[in-house]
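Computed from heavy atoms alone, side chains included, the values below leave out hydrogens, waters and symmetry copies.
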Amino acid sequence: MALVQQSSPHAHNARPTSRVMLWVILAALPGLMAQTFFFGWGNLINVTWCIALALVSEGAILKLRGKPVAFFLRDNTAAVTGLLLGLSLPQFTPWWVSAMAVFSAIVVAKQLYGGLGANPFNPAMVGYALALISFPVAMTTNWAEAATLWGDIPGFGDTLAKIFTGSQTAVDGWTMATPLDEYKHKIASHTSTEVLTHPTFGNLIALGWEWVNLAFLTGGILLIALRIITWHIPVAFLGGITVMSLAFGSNPDQYAPLQLHLLAGGTMLGAFFIATDPVSAASSHQGKLIYGAGIGILVYLIRSWGNYPDAVAFSVLLMNFAVPFIDHYTPPRTYGHHKARRGLPGRNGG
Amino acid sequence: MTQLWDFAGGIHPPENKHQSTLRPIAKTTLPEYLVLPLQQHIGEPAEPVVSVGDRVLKGQPVAEVRNGMGVPVHAPTSGIVEAIEQRPVPHPSGMSDWCIVIRPDHEDQWVALEPVEDYKRLDREQLLELIRHAGIAGMGGAGFPTDIKLRPPRDRKVDTLILNGAECEPYITADDMTMREHAGEVVSGLEIMAWILRPSRCVIGIEDNKPEAVAAMRQAVEGTQIEVLVIPTKYPSGGEKQLIRILTGQEVPSGGIPADIGVMCQNIGTAVAVGRAVFEGKPLISRIVTITGDAVQDPGNFEVLIGTPVQDLLAAAGLQQERLNRLILGGPMMGYTLTTDNVPLVKTSNCVIAATEKELPAPPPEQPCIRCGQCAEACPMDLLPQQLFWYSKAAEFEKAEHLNLFDCIECGACSYVCPSAIPLVQYYRFAKGEIRTQRAEQLKADRARERFEARQARLDREQQEKDQRRKERAKAAAAAQAKKQAEADNAAADGQAPDDRAAKAALVQQALERKKAKTAAQTSEQPAPAAPDIAEEKPDVDALEKQLTQAEAKLNTMQGMLDDARAQQAENVEKLERAVAKNHDRVQRARQALELARKQIAEQPASSQ
Ligand code: SF4
Ligand code: SF4
């Protein structure tokens, strides 16, 4: 019989991209469950809607580009993009805003840049940022109010109706500003203690939000344990926020306290699931540290002094810009070399 | 506990080593033919020193390297040289090369052996020669001649001699089994190498997945200075650079050799071969080879004669032909597939894997790189495999080189972990090959340009010289002309010499005059020769002088032409040389004649008076 001709290595570790992405989805489930538990059906509906849209638009554009549709859809990366958007968008985001976000993510940010692996920007965050800029009201006024564990949450049907028909009635009372937004706006005229009496902060840090963040943190640690991501980006991200907060915002009567930065808003989701998108992140360990820290610092800057309540999307996108630069200047020191070879050939080479 | 270091990256592929360690090392039966490639080492191929039809004895050299680097090849058993011809040899390209084919006569008759009992009484050079004559070349991989390796550059003292017992590649157990069963020989071989190199430290590094080998080696080194160090199992800890890092904490400089940092690595099999060469006088004619894989029923290690065809080994291990899907020479990470089982096992062959399709399935189709960085995590050289891949794929070789492409040891760790199943190493090999070709072409182009320029310069120079000579000749001709003129003038009106030659001629003339006067003053008793009268005498000298000048001028011209011809390597050099010689004679004769004539003239007055 004909012997197989193959160049080495002959053995492979079978953990294909599709499996890696599946693990990302699985690791995000605790967070999604926590969101659903505290904020109702909105995120679950968003996630489902976004994933479905992501797969459809990815399939359509692959077809248009003449690529094998099934082969690429199976890699699960479009599903992850949809998932991340669904997790990040406000619970009651109108369906067309999500659709526009997914479309920009998959078609523009990913496929028009060359598809999987070729996109310089994090697709989900491109979608999110475009939605935020285009529909600022829809993107800021549709956050669900957190319920207590046993409080009643808007029903599934009502949520669905709110998202897809825009009917205001049933869930009207359930929307509110996010804790970070609330704090930022109130602290100008109130003391910290006064601000924190608002129910959105609950008894701990920020009602519901803290648990959601902890759930994402748990999922993130799972990803690190599975060696799907490395610790560098999340740790640097959280470190960046922490250092900034301690250095510039230690007075709670002026700025939101550190625990609010870490455990309210999309911090953990951003640190472990979004900023770690490998395609658009820096590649070496050192580069990842710079990249993550940069995002953390930007998140703090935008949250504290910018006009947007949350800032993960913008920060990630800004640091995406810096990735080629970071990568050029942070190669590892190769075995047997005194120094890493930074920059481009002929420049600073050594 | 001696300190160990870690190296970056690394992977833990399934070891698959137990299958081939279940039974002791066995021997294969004598194959029908032994096929001995002339090039089993790095360097110049050996040249046959036997002819077809010769009977050779076991251990007799059948091919030697006379010029350049290389080691001889020996007959692994006694028999008849059946052929010296091109045969398929173990090579990734599946190429054929010159081989000596021996048909064993089953007598297994040794040549006279010259064992050395006390090698310490030999000097270093003698020992190295002995190792070379035994045909020993690094048995771990590349086959670098061991005697040359044991001769590090003069300014590089080897402080640490490392014996590489890591054997980190999955499946392979040849070194493991050798250490278990031949620990004593391993140590004595190592001691010889240590005696040659005089290192201050001598270490055997063994991965912790080989406890039996560790125990055997520990026992064997008792009472010696040799350390046995157990290192964590992680591929590729047995890579030379990685092992050096683990055991010494030092790194071999990029592009350098271990001796640059005072370290040398030797292979287990090589140590055994060195020991046998010295203590038994036996050349390298056999080695331990692992045969494993799910397509053989009886995996294990065999001591095989060099030149044994792979198919014989497969048969010995009970190959199930219908299950065989992929035949690998070497390990699953760095070995290469064979196109046929009709190639011989050589000095560097350590393992044959007869794999089924289930065991080593074809990799899934390649997907785009998702920049996940798993490859960089796995790379033991701290390279950026994904960037190297982009640049190799995009043929941006300069950038790939800038990212240290040539430091890649092709260990395959990056490909192994890549979730997108990208055959990364294949891209690196391609890029390296392209860069090498480009460099070679560049070099060729440079050489051609240099040659062209040199030729151009030579032609220019020759042209100049030619012009110069032409001018000189013209000048000489003019001078000759002038001299003739001057002589004529002289004769006629004692006129001034227009140039040197004419002046000289005038001086000669004067001297002649004086001589004439002098001789005239002396009364000679010599009988006068047949005396022509003076009136006849005078034109005679003149004519002779004219003849001489002409001959001289011609000689000059000829000499010029000869120089010319020589410079241009023209074919007529010889002819011209003869012509010059002839003219030289002519000038000589003319001079003599002139002298004689003048003498006669000088004597004339005396006799005529
Ligand atoms: S492991 Fe493969 S997919 Fe991941 S970065 Fe490296 S080359 Fe790209
Ligand atoms: S094959 Fe080269 S690039 Fe890949 S892991 Fe090994 S040394 Fe690194």
More than 12 heavy atoms of other residues, nucleotides or ligands under 6.0 Å from NZ of Lys67(A): is that the case? no
Treating His10(A) as the side-chain partner and Met333(B) as the backbone partner, does any N or O pair qualify as donor plus acceptor under 3.5 Å? no
NZ-NE2 distance between Lys399(B) and His328(A), expressed to the nearest 0.5 angstrom: 6.5 Å
Using a cut-off of under 4.5 Å for heavy-atom pairs, which of Ser18(A), Ala11(A), Gly117(A) has the most such pairs with chain B? Ala11(A)
Between Gln387(B) and Ser283(A), does any side-chain donor sit less than 3.5 Å from a side-chain acceptor? yes
Checking His338(A) against chain B: side chain, backbone, both or neither under 4.5 Å from a heavy atom? neither
For Trp390(B), look at atom CH2 and say whether over 12 heavy atoms of other residues, nucleotides or ligands are found less than 6.0 Å away. yes
Examine distances only and state if a side-chain atom of Tyr336(B) and a backbone atom of Ser8(A) form a donor-acceptor pair shorter than 3.5 Å. no
Which region of Pro253(B), side chain (C-beta onward) or backbone (N, CA, C, O), has a non-hydrogen atom less than 4.5 Å from a non-hydrogen atom of chain A, or is it both or neither? both
Under 4.5 Å, counting heavy-atom pairs only, tell me which of Ile11(B), Thr337(B), Asp407(B), Ile353(B) racks up the most with chain A. Thr337(B)
Greater than 12 external heavy atoms within 6.0 Å of Gln320(B)'s CD: yes
Within the 4.5 Å heavy-atom criterion, are Leu384(B) and Pro332(A) side-chain neighbours or not? yes
Under 4.5 Å from any heavy atom of chain B - which part of Arg333(A): both
Please output the residues of residues 363-379 of chain B in contact with chain A, using a heavy-atom cutoff of under 4.5 Å, in numerical order. Pro363(B), Pro365(B), Glu366(B), Gln367(B), Pro368(B), Cys369(B), Ile370(B), Arg371(B), Cys372(B), Gln374(B), Glu377(B)
Answer yes or no: is there a donor N or O on one side and an acceptor on the other, between the side chain of Gln6(A) and the main chain of Ala362(B), under 3.5 Å? no
Heavy-atom pairs under 4.5 Å with chain A are the metric here; pick the option from Ala421(B), Ser420(B), Pro13(B), Gly335(B) that has the most. Gly335(B)
Need one label for Val279(A): side chain, backbone, both or neither, based on atoms under 4.5 Å from any heavy atom in chain B. both
Note: vs chain A, highest number of non-hydrogen pairs under 4.5 angstrom among Gly256(B), Gly412(B), Ala8(B), Ser254(B) is Ser254(B)
Can you tell me which portion of Leu338(B) sits under 4.5 Å from chain A's heavy atoms? Options are side chain, backbone, both or neither. backbone
Please state whether the side chain, the backbone, both or neither of Ile229(A) comes within less than 4.5 Å of a heavy atom of chain B. neither
Decide if atom CZ of Phe406(B) counts as having more than 12 heavy atoms of other residues, nucleotides or ligands within a radius under 6.0 Å. yes
Given a strict heavy-atom distance threshold of 4.5 Å, which part of Ile328(B) is in contact with chain A: side chain, backbone, both, or neither? side chain
Under 4.5 Å to a heavy atom of chain B? For Asp327(A) that would be side chain
Quick one: what part of Arg429(B) sits under 4.5 Å from any heavy atom of chain A, side chain, backbone, both or neither? side chain
Which donor-acceptor pairs under 3.5 Å do side chains of residues 289-297 of chain A form with protein atoms, sequence neighbours excluded?
| unit_1 | atom_1 | unit_2 | atom_2 | d |
| --- | --- | --- | --- | --- |
| Tyr291(A) | OH | Asn320(A) | ND2 | 2.9 |

Where does Thr276(A) contact chain B at under 4.5 Å (heavy atoms): side chain, backbone, both or neither? neither
Would you mind telling me which of Ala281(A), Ser284(A), Ser280(A) has the largest number of heavy-atom pairs within less than 4.5 Å of chain B? Ala281(A)
Just checking Arg65(A): does its CZ atom have more than 12 heavy atoms from other residues, nucleotides or ligands closer to it than 6.0 angstrom? yes
More than 12 heavy atoms of other groups within 6.0 Å of Tyr113(A) OH: no
Within the structure provided, determine whether Ser415(B) and Pro9(A) are in side-chain contact (heavy-atom separation under 4.5 Å). yes
Looking only at heavy atoms, what is the nearest atom pair of Val252(B) and Tyr335(A), with distance? N-OH, 3.3 Å
His337(A) and Asp382(B): side-chain donor and acceptor closer than 3.5 Å? no
From the list Ile261(B), Thr340(B), Val417(B), Thr339(B), the residue making the most non-hydrogen contacts under 4.5 Å with chain A is Thr339(B)
